[in-house]
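Below: one structure, written as structure tokens.
Worth saying up front: this structure is predicted, and the values here are computed from it rather than measured.
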Amino acid sequence: QVQLVESGGGLVQAGDSLRLSCAASGGTFSSYAMAWFRQAPGKERDIVAALNWSGDRTYHADSVKGRFTISRDNVKNTMYLQMNSLKPEDTAVYYCAAGGGSEISGKWADWGQGTQVTVSS
């Protein structure tokens, strides 16, 4: 089991940027895919972005494509989500997740506690 801790959330204005981090411990970070999800109040948890073990294959949801960028540093055991041009509709709790395998498969085995991102208009 992998322990995941998110950080970097906060309150920003529309158009600002934030970078979320997800620090992993207790497993072989470089061997599994990772993802960011978000959940707004009253809504389901949706995937935002994902990447494979090496970071050379990525996925970004249409709603964030061109504004958010997922990346990872396998030396630091950390995944990132660079969020630019933030919009009020990006307001949500953001969660990181670790996959059961090295490639993006849609199966996520471990989850962090989440970090709140609030974007004011």
Side-chain angles (χ1 to χ4, degrees):
Q1 189 174 6
V2 179
Q3 289 76 49
L4 302 171
V5 179
E6 303 95 336
S7 62
L11 171 63
V12 297
Q13 293 186 332
D16 285 351
S17 298
L18 276 177
R19 188 176 80 156
L20 304 183
S21 298
C22 173
S25 61
T28 306
F29 180 74
S30 60
S31 66
Y32 38 82
M34 297 288 295
W36 287 100
F37 287 75
R38 67 185 181 186
Q39 187 168 20
K43 296 189 176 181
E44 294 185 351
R45 188 175 298 188
D46 293 324
I47 191 166
V48 175
L51 75 176
N52 71 334
W53 69 276
S54 64
D56 64 351
R57 281 184 282 279
T58 63
Y59 163 82
H60 294 82
D62 288 344
S63 58
V64 305
K65 202 169 290 184
R67 300 187 299 122
F68 292 10
T69 303
I70 190 171
S71 63
R72 66 190 297 162
D73 185 332
N74 286 346
V75 174
K76 295 182 178 180
N77 288 353
T78 303
M79 175 180 66
Y80 304 98
L81 185 67
Q82 178 66 44
M83 305 187 295
N84 298 329
S85 302
L86 282 160
K87 304 176 180 179
E89 51 263 45
D90 295 318
T91 295
V93 177
Y94 283 71
Y95 299 90
C96 66
S102 59
E103 297 297 329
I104 301 170
S105 67
K107 297 179 181 179
W108 306 102
D110 298 294
W111 296 82
Q113 300 273 5
T115 185
Q116 176 71 46
V117 172
T118 304
V119 184
S120 64
S121 56

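Its side chain within the 4.5 Å cluster rule, I104 clusters with F37, I47, Y59, V93, Y95, W108, W111 among the Ile, Leu, Val, Met, Phe, Trp and Tyr residues. Within the hydrophobic cluster formed by Ile, Leu, Val, Met, Phe, Trp and Tyr side chains joined at under 4.5 Å, directly or through other members, V5 stands alone, with no partner residue. Residue W36 belongs to a hydrophobic cluster whose other members are V2, L4, V12, L18, L20, F29, Y32, M34, V48, L51, V64, F68, I70, M79, L81, M83, L86, Y94, V117, V119, with links defined by side-chain heavy atoms closer than 4.5 Å.
Among residues at least two apart or in separate chains, there is no disulfide (SG to SG under 2.5 Å) pair with a member in residues 33-90. Within the structure, the disulfide (SG to SG under 2.5 Å) test picks out the following pairs touching residues 18-121 (sequence neighbours left out): C22-C96. Pairs of residues two or more places apart, or lying in two chains, that qualify as side-chain hydrogen bond (donor to acceptor under 3.5 Å, both in side chains) and include a residue from residues 1-29 are S17-N84. The disulfide (SG to SG under 2.5 Å) analysis of residues 39-82, with sequence neighbours excluded, yields no pairs. Residue pairs that meet the disulfide (SG to SG under 2.5 Å) test with at least one member in residues 61-92, sequence neighbours left out, do not exist here. The salt bridge (Lys or Arg N to Asp or Glu O under 4.0 Å) pairs that include a residue from residues 92-121 are R57-E103, where partners are two or more places apart or lie in different chains.
Side-chain atoms of S121 and E89, non-hydrogen and from C-beta on, never get closer than 4.5 Å to each other.
T118 places no side-chain N or O within donor-acceptor distance of the main-chain N or O of L11, the cut-off being under 3.5 Å.
For K65, the salt bridge (charged side-chain N to carboxylate O under 4.0 Å, His left out) partners are D62, not counting sequence neighbours. Here D46 pairs with E44 under the side-chain contact (heavy atoms from CB on, under 4.5 Å) rule; sequence neighbours left out. Listed by chain and residue number, D90 satisfy the salt bridge (charged side-chain N to carboxylate O under 4.0 Å, His left out) test with R67 (two or more places apart in sequence, or in another chain).
Contact record, R38 with A92: CB-CB, 3.8 Å, taken as the closest heavy-atom pair.
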